[in-house]
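Beneath this line is the structure, given in C-alpha cells, with notes to follow.
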Amino acid sequence: MALKLQHISSIKNGTLQITGSKSETNRMLILQALYPNIKIDNVSNSDDSQLMQKALASNEAIVDIHHAGTAMRFLTAYFAVKEGRDTILTGSKRMQERPIKILVEALQQLGCEIGYEKENGYPPIKIKGQRPNSNKVSLQANVSSQYISALMLIASSLPNGLEISLEGKITSVPYINMTLSLLRDVGIKGTFENNTIVIFPNDSTLSKNVVVESDWSSASYFYGIAALSNNVTITIGSYKKQSYQGDSSLDEIYRYLGVETTYANNTITLKNIPGFVPKLPDGLDLSNSPDIAQTIAVTCFGLGIKCYLTGLHTLKIKETDRLEALKTEIEKLGGKVNITEDTLRLEPSSSIKKDIPIATYNDHRMAMAFAPLALKTSLQIEDADVVSKSYPDFWNDLKALGFEIL
C-alpha cells in the first residue's frame with residue numbers, strides 16, 4: 001500500500017495516546033511466560049508484540065516470527081531453556097539474513113543445544129530445550145543489547161541464576177538498564193556493575209501488575225513534526241520523566257532543534273519555539289538510542305541544517321541497513337549524505353524535491369521518519385502499512401493532526 005502525503009503548511013494542535021512500548025512489552029511477555037501470575041497493562045498493539053504473544057502461546061514445532069527481530073532474540077533464549085520443547089525458530093527472508101550467532105554461542109556456553117537449519121550463524125535455528133548446566137557466560141559488550149537482554153530475561157528461571165561478563169565497551173546501556181529495571185519491578189533481583197551482570201535465581205511465585213510506558217521511539221515522529229512546524233502544540237501519553245527507555249533522550253536532543261518538552265499527568269507536551277535557530281551538536285552520539293537516528297536525520301534535512309551522528313553501528317543489522325537506506329532516500333529528495341559503518345553526515349540543503357516516492361525497505365521506521373516532511377513538500381510513502389510493526393495507528397494519528405493523506 002502506497003500513501004501520498006500532500007504538502008501542508010501547518011497542522012492542528014492535538015492530543016494523542018500512543019500504544020505501550022514495544023521494547024518493554026516484549027520483555028514483560030517473556031517474564032509473564034515464565035511467571036504466569038504477572039499481569040500487564042497498556043500492552044503494545046504492534047505486530048512485533050502480537051507475534052511474540054502468538055509464539056509464546058504456540059505448541060507448534062515451527063515458530064515463524066516474520067520480521068520481528070526482538071522476538072527472534074528473546075525467543076531463542078526462552079525456547080533454549082524450556083525443557084522438553086523442540087522448536088525450529090524462523091522468520092522472513094530478511095530475518096534469515098540477520099545474525100544470531102553471538103546469542104547462540106552464548107547459550108551454547110551454558111550447555112544449551114542449538115543448531116542451524118540453513119546458513120551457519122543465521123536463522124532458522126533448531127532448538128532442543130533443556131536446563132543449562134552452567135550459570136556463567138561471557139560475550140562481547142559491543143553487540144546488540146537484545147542478545148544481552150535475552151539472557152537476562154531467562155536468567156532468574158535457572159537453578160543458579162546467571163552471571164554475564166561483557167568484554168570491551170558496552171553499547172546500548174539504557175536497554176540493559178531497562179531490562180534490569182523491569183526485572184526488579186516484578187521482584188527479580190539483579191546487579192549491573194562495571195562489565196558484569198548478575199541475575200539471581202527466583203523460585204517464588206511472582207504476582208505483579210505492571211503498566212507498560214508508551215513508546216518513546218514512536219514519540220520521535222511527533223518531535224520531528226513539532227520541529228518542522230510553526231507554533232504548534234502536541235500532547236501525547238502515557239509517558240514519565242524517569243523513563244526506562246533510552247529514546248527518552250529525545251527531550252534533550254530536540255531542544256537543540258527548537259522543541260520544548262513539558263511533563264504533566266503522565267503526558268508530554270511538545271511545543272515549537274517560535275524564532276528558534278536550530279543547530280544540533282556536531283558528533284551527536286546515538287549509541288544509547290540508535291532507533292531515533294532516522295527521525296533526527298530527516299528532521300535536520302527538513303530544517304535545512306547539517307547533522308553528524310555517531311554510534312550507529314547496530315543500524316546495519318536492523319530490518320534493513322538503515323544507514324544505506326537513509327542515504328538513498330534523502331539523496332532522492334535532493335540531500336547529500338555520507339555514511340561509514342557507524343556514522344552519518346548530512347550536509348545542509350536549501351531545497352527539497354517534491355512528489356518523490358520513498359522506499360521503506362520493510363522497515364517501519366523508514367515510513368514514519370520521512371512522513372513529517374509533508375510539512376515541507378509532497379511525497380509518497382511506499383509500503384506504508386509497514387508501520388503496523390510498531391505503531392499501527394500512525395497514519396490515523398497524523399490525519400487527526402491535519403495531515404492530508406491520500
Side-chain angles (χ1 to χ4, degrees), residues 5 7-11 13-14 16 18 215-236 239 241 243 245-263 267-312 315 322-323 326-327 329-330 333-338 343-352 365-366 368-377 379 397-398 401 403:
L5 278 63
H7 178 206
I8 54 173
S9 57
S10 63
I11 61 167
N13 295 338
L16 304 169
I18 293 180
D215 190 55
W216 273 94
S217 304
S218 295
S220 73
Y221 314 116
F222 298 98
Y223 273 93
I225 289 167
L228 296 173
S229 302
N230 292 312
N231 198 28
V232 71
T233 301
I234 305 171
T235 299
I236 49 178
Y239 292 94
K241 192 163 190 176
S243 175
Q245 299 172 48
D247 291 343
S248 62
S249 60
L250 282 161
D251 61 355
E252 297 178 6
I253 293 170
Y254 269 80
R255 186 63 181 77
Y256 293 106
L257 300 177
V259 179
E260 190 174 61
T261 305
T262 304
Y263 294 81
T267 67
I268 52 174
T269 297
L270 318 180
K271 188 171 183 179
N272 176 276
I273 305 171
F276 189 90
V277 179
K279 183 181 179 182
L280 206 60
D282 208 30
L284 181 65
D285 185 357
L286 295 179
S287 56
N288 287 336
S289 51
D291 282 344
I292 60 177
Q294 288 147 293
T295 310
I296 294 169
V298 173
T299 300
C300 291
F301 174 64
L303 291 170
I305 64 173
K306 68 177 182 178
C307 74
Y308 177 46
L309 309 177
T310 67
L312 307 181
L315 296 188
R322 286 180 172 166
L323 292 178
L326 269 174
K327 175 180 171 63
E329 301 310 309
I330 289 177
L333 288 159
K336 184 177 180 182
V337 178
N338 292 299
T343 68
L344 180 145
R345 186 184 295 275
L346 170 75
E347 301 299 332
S349 299
S350 57
S351 62
I352 304 174
R365 301 206 188 284
M366 287 296 291
M368 294 185 283
F370 278 84
L373 285 181
L375 288 158
K376 297 296 179 180
T377 190
L379 70 160
D397 284 349
L398 258 57
L401 293 177
F403 279 77

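Values below: every heavy atom of this structure, side chains too, minus hydrogens, waters and symmetry copies.
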Are any of the side-chain heavy atoms of L284 and Y256 separated by less than 4.5 Å?
no
Would you find a donor on one side and an acceptor on the other, under 3.5 Å apart, between the side chain of Y239 and the backbone of D215?
yes
Go through the steps to decide whether L398 and F222 satisfy the test side chain to side chain contact (heavy atoms under 4.5 Å, CB included), and finish with yes or no.
CA-CA 9 Å; L398 258 57; F222 298 98; 4.0 Å; yes
Quick one: does Y223's side chain get under 4.5 Å of I253's, heavy atoms only?
no
Find the distance between OG (S249) and CG (L286) and round it off to the nearest 0.5 Å.
7.0 Å
With heavy-atom distances below 4.5 Å as the criterion, would you say the side chains of I352 and F301 are in contact?
yes
Between I305 and L280 the two heavy atoms that sit nearest each other are CD1-N, 4.5 Å
Distance-minimising heavy-atom pair for L309 and I296
CD2-CG2, 4.1 Å
Close side-chain approach of R322 and D291, heavy atoms under 4.5 Å
yes
Can you give me the closest heavy-atom contact between G283 and T310, atom names plus distance?
O-OG1, 3.8 Å
Taking all non-hydrogen atoms of both residues, which atom of K327 and which atom of V337 are closest, and how far apart?
NZ-O, 2.7 Å
Using distance alone, with no hydrogens and no angle criterion, decide if D247 and S217 have a side-chain donor and acceptor under 3.5 Å apart.
yes
Okay, side chain of N338, backbone of R345: is any donor-acceptor separation there less than 3.5 Å?
no
Beyond-backbone contact of D251 with I268, side-chain heavy atoms, under 4.5 angstrom:
no
To the closest 0.5 Å, what do you measure between CG (L312) and OG1 (T343)?
7.0 Å
Close side-chain approach of Y254 to L270, heavy-atom, < 4.5 Å:
no
Enter the distance from I234:CD1 to T267:OG1 here, rounded to the nearest 0.5 Å.
13.0 Å
Gap between atom CG of N230 and atom OG of S9 - 0.5 Å precision
8.5 Å
Smallest separation among heavy atoms of S229 and L375, with atom names
OG-CD1, 3.4 Å
Can you find a pair of side-chain heavy atoms, one from R255 and one from I273, that are under 4.5 Å apart?
yes
Considering all heavy atoms of both residues, which atom of L379 and which atom of L373 are nearest to each other, and what is their separation?
CD2-C, 4.0 Å
Would you check if F370 and L326 make a side-chain contact, meaning some heavy-atom pair closer than 4.5 Å?
yes
Would you say the side-chain atoms of Q245 pair up with the backbone N or O of W216, donor to acceptor, closer than 3.5 Å?
yes
For the OG atom of S349 and the CG atom of L303, what is their distance to the nearest 0.5 Å?
11.0 Å
Can you tell me how far CD1 of I11 sits from CZ of F403, rounded to the nearest 0.5 angstrom?
5.0 Å
Under the rule for side-chain contact (heavy atoms from CB on, under 4.5 Å), what residues qualify as partners of S220, not counting sequence neighbours?
L250, I292, T295
Donor-acceptor pair, distance only, cut-off 3.5 Å: does the side chain of K271 make one with the backbone of E260?
no
Under a 3.5 Å threshold, yes or no: a donor from one side chain and an acceptor from the other, between T269 and T235?
yes
